[in-house]
Amino acid sequence: MEQTKVLIIGSGPAGYTAAIYASRAALSPVLYEGLEPGGQLTTTTLVENYPGFADGVDANSLMDQMKRQAVRLGADVRAGAIVSIDLGSRPFRAVDERGREIEAQTVIIATGATARYLGLPSERKFRGLGVSACATCDGFFYRGKDVAVVGGGDSACEEATYLAGLCRKVYMIVRRDVFRASKAMQERVFSTPNIEILWNCNTQEVLGDASGVTGARLLRKDGEVFDIKIDGFFLGIGHHPNAELFSQWVQTDENGYIITEGKTSATCVPGVFAAGDVQDPRYRQAVTAAASGCRAALDAEKFLLENR
Ligand code: NDP
């Protein structure tokens with residue numbers, strides 16, 4: 001059976017950064033790209049907040065550069081997903097989608113998280129053309145414009161207050177007549193004058209034309225259907241960490257995020273580390289994911305030294 005010192009699962013900024021560091025430590029990592037090569041970032045367009053690019057960088061080319069950097073330094077980057085894994089004892093055993101088995105001394109889980117969408121065909125049609133699940137990534141493009149945020153949790157409130165600092169007006173589309181968000185976050189929303197909350201509303205359709213999103217059609221609980229004019233439609237209805245494959249072995253929180261120890265990337269299984277959005281419900285940025293991938297590679301290297 002094939003053997004590796006470091007098996008990295010996932011190909012977002014966390015996975016590739018782990019591969020870059022593990023390669024430079026002469027650990028010859030094997031990285032499986034997974035179902036969405038390049039990760040969540042590839043669903044956006046221009047990235048303006050990743051340091052080192054004065055004029056911003058196209059998200060796909062940023063991920064391509066990370067991949068090429070990892071490959072140049074010696075990482076074995078493979079298309080395809082790991083479909084089963086046994087983290088019950090070391091060496092760990094994984095099987096890829098072609099049935100190939102691989103034994104690993106350490107595993108770095110960097111499978112990311114997936115933003116939740118409403119599932120409307122019109123929402124899909126305008127993804128990247130006004131529909132976004134990341135205010136921090138895309139809010140800047142809507143300066144001085146009107147936008148809407150769907151959701152009533154902490155994420156939606158945080159997105160709305162962030163966008164309110166950039167946009168002329170922010171509608172919050174909330175399906176009940178109360179927020180789920182913490183009191184502190186609610187207070188921030190209530191005290192922001194350019195946020196208008198549309199209680200008891202669900203989105204029927206995202207409206208748009210060739211230029212992108214132009215509005216949204218909403219249905220209020222009392223039966224009234226009405227349109228709002230907006231240029232951006234932001235989802236804040238939560239994320240889903242891609243941790244199912246591992247949740248039998250590693251500890252997860254109540255939302256399914258992998259729990260890591262203190263400031264390290266260590267999970268409760270010695271030799272198994274987690275990096276990026278799969279263990280981070282809070283920051284979820286490309287740069288924080290990359291940093292945690294670095295930590296995971298350094299933690300794996302130290303673990304291998306101590307457990308020869
Ligand atoms: P939550 O699950 O807390 O909230 C999701 C929100 O979206 C709810 O208001 C929910 O409505 C609404 N929603 C879900 N599905 C739909 C739908 N199909 N249509 C319309 N609305 C929908 O997710 P968050 O991402 O906000 O938070 C996740 C976790 O992360 C929480 O524990 C939160 O506290 C934490 N967090 C903390 C932050 C911080 O401390 N700075 C920032 C962001 C998140 P309903 O209430 O009716 O179910």
Side-chain angles (χ1 to χ4, degrees), residues 40 43-44 49 112-127 131-139 147-165 170-192 195-207 213 215-228 230 232-244 247 251-260 274 276-289 292:
Q40 273 194 89
T43 64
T44 175
N49 54 8
T114 307
R116 289 202 172 97
Y117 286 84
L118 298 173
L120 303 169
S122 55
E123 173 194 51
R124 175 166 284 278
K125 182 174 163 193
F126 292 111
R127 252 197 227 181
V131 171
S132 167
C134 180
T136 329
C137 319
D138 299 326
V147 299
V149 177
V150 186
D154 280 331
S155 293
C157 290
E158 200 168 66
E159 293 208 345
T161 43
Y162 175 79
L163 290 166
V170 180
Y171 294 100
M172 285 192 77
I173 304 170
V174 184
R175 67 179 173 184
R176 293 187 292 150
D177 60 356
V178 286
F179 277 134
R180 181 181 290 274
S182 58
K183 279 278 174 285
M185 212 65 105
Q186 295 191 27
E187 285 309 321
R188 274 173 64 186
V189 167
F190 292 140
S191 61
T192 307
I195 297 179
E196 180 179 339
I197 305 162
L198 303 170
W199 300 108
N200 292 315
C201 285
N202 273 300
T203 309
Q204 277 195 329
E205 205 182 331
V206 180
L207 307 171
V213 168
R217 180 154 301 151
L218 309 182
L219 168 64
R220 210 185 340 250
K221 253 189 197 140
D222 61 11
E224 188 194 350
V225 176
F226 62 102
D227 293 352
I228 52 171
I230 45 168
F233 183 83
F234 286 85
L235 281 307
I237 60 172
H239 285 75
H240 178 73
N242 302 318
E244 285 88 355
S247 54
Q251 209 184 339
T252 54
D253 71 11
E254 68 279 11
N255 296 312
Y257 288 87
I258 295 176
I259 295 173
T260 51
D277 287 12
V278 74
Q279 53 83 57
D280 176 17
R282 190 180 178 100
Y283 299 105
R284 300 194 290 245
Q285 300 300 300
V287 69
T288 51
S292 77

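Counting starts at 1 for both ligands and their atoms, following the listed order.
- Every atom of ligand 1 is numbered from 1 in the order shown, and the set under 4.0 Å from a heavy atom of Gly238 is 23 (O), 25 (O).
- With a heavy-atom cut-off of 4.0 Å, Val174 does not touch ligand 1 at all.
- Contact between Phe233 and Ile173 at its shortest, heavy atoms only, is CE1-CD1, 4.0 Å.
- Polar contact check, His239 against ligand 1: no nitrogen or oxygen pair lies under 3.5 Å apart.
- On a distance-only criterion, Gly152 and ligand 1 share at least one N/O pair closer than 3.5 Å.
- Looking at Asp277 and Arg284, no side-chain N of the basic residue comes within less than 4.0 Å of a carboxylate O on the acidic one, giving no salt bridge.
- Across Val147 and Ile230, no two heavy atoms sit closer than the pair C-CG2, 3.5 Å.
- Between Asp222 and Arg220 there is a salt bridge, since at least one side-chain N of the basic residue sits less than 4.0 Å from a carboxylate O of the acidic one.
- Those atoms of ligand 1 with a heavy atom of Glu158 less than 4.0 angstrom away are 41 (N), 42 (C).
- Side-chain atoms of Arg188 and Ser182 form no donor-acceptor pair, as typed in the model, at a separation below 3.5 Å.
- Using a 4.0 Å cut-off to heavy atoms of Asn255, the atoms of ligand 1 that qualify are 29 (C), 32 (O).
- Considering backbone and side-chain atoms alike, Arg284 places every N or O at 3.5 Å or more from each N or O of ligand 1.
- No part of Arg116 comes within 4.0 Å of ligand 1, judged by heavy-atom distances.
- Using a 4.0 angstrom heavy-atom cutoff, Glu254 does not count as in contact with ligand 1.
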